[in-house]
Undergrad: 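Please see the structure below; I have some questions.
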Protein chains: 2
Amino acid sequence: MESADAPATPHARAVAPRRVTAAMVAEHAGVSTATVSLVANGKSAGRVSAANEERVRAAIRELGYVVDGIGSSLSRGVSSTVILVAPDISNPFFARVIAGVRAALGNDYQLLLSVTDAGQFPSAAETRRLLSLRPAGLLVDAPDETFLEELSAPGPVVLLDAPGVGDRLPAVNMDVEGGARDLAAHLAAQGHRRIAYVDGITGTATFALRREAFLDEAAARGIEVPPAARVATTIDVGAAAAEFAASWAAWRRDGITAVACATDTHAYGILQEARVKGLSIPCELAVAGFDDLPYSQTSNPALTSVRLPADDLGRRAAEQLRRLIEGQALEEARLTLQTSLVVRASTRRR
Amino acid sequence: MESADAPATPHARAVAPRRVTAAMVAEHAGVSTATVSLVANGKSAGRVSAANEERVRAAIRELGYVVDGIGSSLSRGVSSTVILVAPDISNPFFARVIAGVRAALGNDYQLLLSVTDAGQFPSAAETRRLLSLRPAGLLVDAPDETFLEELSAPGPVVLLDAPGVGDRLPAVNMDVEGGARDLAAHLAAQGHRRIAYVDGITGTATFALRREAFLDEAAARGIEVPPAARVATTIDVGAAAAEFAASWAAWRRDGITAVACATDTHAYGILQEARVKGLSIPCELAVAGFDDLPYSQTSNPALTSVRLPADDLGRRAAEQLRRLIEGQALEEARLTLQTSLVVRASTRRR
DNA sequence: GGCCGGCGGGAAAGGGGTTTCAGGAAGATT
DNA sequence: AATCTTCCTGAAACCCCTTTCCCGCCGGCC
């Protein structure tokens, strides 16, 4: 293809230019690889003369040298990668968590996500492979106990949103119970005495916590949540709408004046169906959600919801992880972040 | 803490049991590390005697040996990781793409996601670090040209959903233009003659393609889309609802009988606002979306939409990538997958 | 002027695995 | 019985970087 006197190698070797190694930089700068390593890693202060430092920097620039992640990881015994393991990433909440994590990790660590099929955690084999990449640390979102056991991690791990799981591991949680109680208190203050509760069908612990705290606080404030008004659906607008369509007649007869939902998605379905039925919200029926998803601000009417500190969750977890990686002790191994009730038109009676 | 005669090392060395290496397995099984490597990688056929193979397997089991990803990557020159770079992961569509990718990659490669802040691609520095992990291959979702240039990847890359970008790289695309044309044809067949189009405000090429194909096909079928009925909003239910609320009076005067949207999210906003206005859908106004998001099946009325082959997109892209990684030539470098119009109640006049 | 202290830099030892290559043992052939 | 295959096996090189010594050199001090 090229010059006729090129060696007749079967592979077009010239196409893939050789990776630039520290040795090449060293030769180009007339120093040893040790010096290159020091400069490239910013550890040159007081160890490399200014003259050599500049020559190495010039060589790095000129050759386009990038420290090889693999070689570096092997040599240091650990990579500079933080792996975030998450069973479900397809919601806007999670995007904010990631933003928080990235902000806290900065440039020192590289964030990679390991996701599996809907709601599942990696198998034991996958987990071992993951660990064999020698991540600097692991963040695990909404973990289940089985996965944590398999993990039995040799390295730093911080859990996110792990109420009641992995008690021995550091975690950052959100006070969903407080949020649920605030919501119950708000509905009580608005004068409701009989309320329906729409739960989610899922294995996640957070839903049980929300429900129990809500029911407990409601009871404490003299609110009744009759058994017939406790339902559960998959987390799906349509399913919630259908459930409400089927139940509303009975609830109305029973004197229900408000519906609290385990997540906003349920509430959207109820708002939709209520509109079909021509119900006036919040006058005939107040509706409240949980999670404060983006659409809740602009829904019609805007939805009262419990806002979760998504970016804080990510940020704090990543900060904790950094401390662990850097060998510092954690002042508090398990943090709980405040949630806040956002009252909007769907429950605000005037 | 332990026996009094233990060496007074400051670190609790016993806590972190030493990593199990191939050398340890080799010693335990009475063979060399070469043999261990062959067995552990399933390359033992015809190279290792049955007896030794069994002894090595037993040792691996007994010691819990896992091939070290870092050492292996360094030695082979490449890791067995496939990195999927994506600017936006928080939508259900993407979850299906991932499922497709995972299915096609199987156990041979490990999928990791690199995501950045909302809609952004990694910076040049981040990109270089990513490549320094020596991924076996890269999948890039909805790439922008700038990122592809920085990539100038030395390794296998396949683009997903990259209409009109990175022409020289293999890609798997979806025929959104065909879908848009089908939609225009459907609305024409339903008797509409004046239609509104709600576009998305975003840099993504796919939106321009949808719009142009729709307008072109509409024109070809004698449908008018008056300039005043061409609007664009951010991809947000509330924004679309507001836009529709502001425009509907004028549109109605202008004889508009249908609205086509660049994505279902817009259509949800319109459905919501139409209900507020008491419009009968599809009789007074037909509404159609694009993407066929999950909620479109259960919305009220169910939404006509263009379904995109999400899992196929992931699967085919991963298959192509595998071929590249394994050095096979691609029969077709750029694939385009069919989309399909799903007609539901929001446009179906009876 | 000799000795000491310190700074700067290099040689070299890993870190864990893969792969080549040469050679040994066992079985086949003459 | 000698030679040739065939099969297996293990030693060793290599991948790229980090880090630990250790040494040479320079200036300062007595």
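Every chain is numbered from 1 and lettered A, B, ... according to where its sequence line falls, protein lines coming before strand lines.
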Undergrad: I want to check one thing: is the phosphate of dT9(D), taken as OP1 and OP2, less than 4.0 Å away from some side-chain N or O of N52(B)?
TA: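 Checking dT9(D) against N52(B), a side-chain N or O does come within under 4.0 Å of OP1 or OP2.
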Undergrad: Looking at S49(A), does any N or O in its side chain come under 4.0 Å of the phosphate oxygens OP1/OP2 on dG9(C)?
TA: yes
Undergrad: Would you check, one step at a time, whether the test side chain to side chain contact (heavy atoms under 4.5 Å, CB included) holds for L38(A) with V36(A)?
TA: CA-CA 5 Å; L38(A) 290 174; V36(A) 173; over 6 Å; no
Undergrad: Measure the distance from CZ on R55(A) to C1' on dG8(C) and round it to the nearest whole Å.
TA: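 Checked: the CZ to C1' distance equals 13 Å.
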Undergrad: With side chains defined as the heavy atoms from C-beta onward, is the minimum distance between V165(A) and L148(A) less than 4.5 Å?
TA: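 A side-chain contact under 4.5 Å exists here.
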Undergrad: From CZ of R47(A) over to C1' of dG6(C), roughly how many Å is that when rounded to an integer?
TA: 13 Å
Undergrad: Is there any protein nitrogen or oxygen under 3.5 Å from a nitrogen or oxygen in nucleotides 14-18 of chain C, and what are the pairs?
TA:
{"unit_1": "dG14(C)", "atom_1": "N2", "unit_2": "S75(A)", "atom_2": "OG", "d": "3.2"}
{"unit_1": "dG16(C)", "atom_1": "N2", "unit_2": "G71(B)", "atom_2": "O", "d": "3.3"}
{"unit_1": "dG17(C)", "atom_1": "OP1", "unit_2": "Y65(B)", "atom_2": "OH", "d": "2.6"}
{"unit_1": "dG17(C)", "atom_1": "OP2", "unit_2": "A22(B)", "atom_2": "N", "d": "2.5"}
{"unit_1": "dG17(C)", "atom_1": "N2", "unit_2": "S75(B)", "atom_2": "OG", "d": "3.2"}
{"unit_1": "dG17(C)", "atom_1": "N3", "unit_2": "S75(B)", "atom_2": "OG", "d": "3.3"}
{"unit_1": "dT18(C)", "atom_1": "OP1", "unit_2": "N41(B)", "atom_2": "OD1", "d": "3.3"}
{"unit_1": "dT18(C)", "atom_1": "OP1", "unit_2": "N41(B)", "atom_2": "ND2", "d": "2.8"}
{"unit_1": "dT18(C)", "atom_1": "OP2", "unit_2": "S37(B)", "atom_2": "OG", "d": "2.6"}
{"unit_1": "dT18(C)", "atom_1": "OP2", "unit_2": "N41(B)", "atom_2": "ND2", "d": "3.2"}
{"unit_1": "dT18(C)", "atom_1": "O5'", "unit_2": "S37(B)", "atom_2": "OG", "d": "3.3"}
{"unit_1": "dT18(C)", "atom_1": "O4'", "unit_2": "S75(B)", "atom_2": "OG", "d": "2.5"}

Undergrad: Donor-acceptor pair, distance only, cut-off 3.5 Å: does the side chain of N41(B) make one with the backbone of K43(B)?
TA: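 Not a single qualifying donor-acceptor pair exists.
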Undergrad: Return yes if some donor-acceptor pair links the side-chain N/O of R334(B) with the main-chain N/O of V172(B) below 3.5 Å, else return no.
TA: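 Answer holds: no.
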Undergrad: Heavy-atom count around Q328(A) CD within 6.0 Å, excluding the residue itself: above 12?
TA: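 Counting neighbours around CD of Q328(A), more than 12 heavy atoms of other residues, nucleotides or ligands fall under 6.0 Å, so yes.
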Undergrad: Send over the distance from E27(A) CD to dC16(D) C1', rounded to a whole Å.
TA: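 About 16 Å, once rounded to whole Å.
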Undergrad: Step by step, would you call V158(B) with L324(B) a side chain to side chain contact (heavy atoms under 4.5 Å, CB included)?
TA: CA-CA 9 Å; V158(B) 174; L324(B) 287 177; 3.8 Å; yes
Undergrad: To the nearest Å, how far apart are E53(B) CD and dC7(D) P?
TA: 17 Å
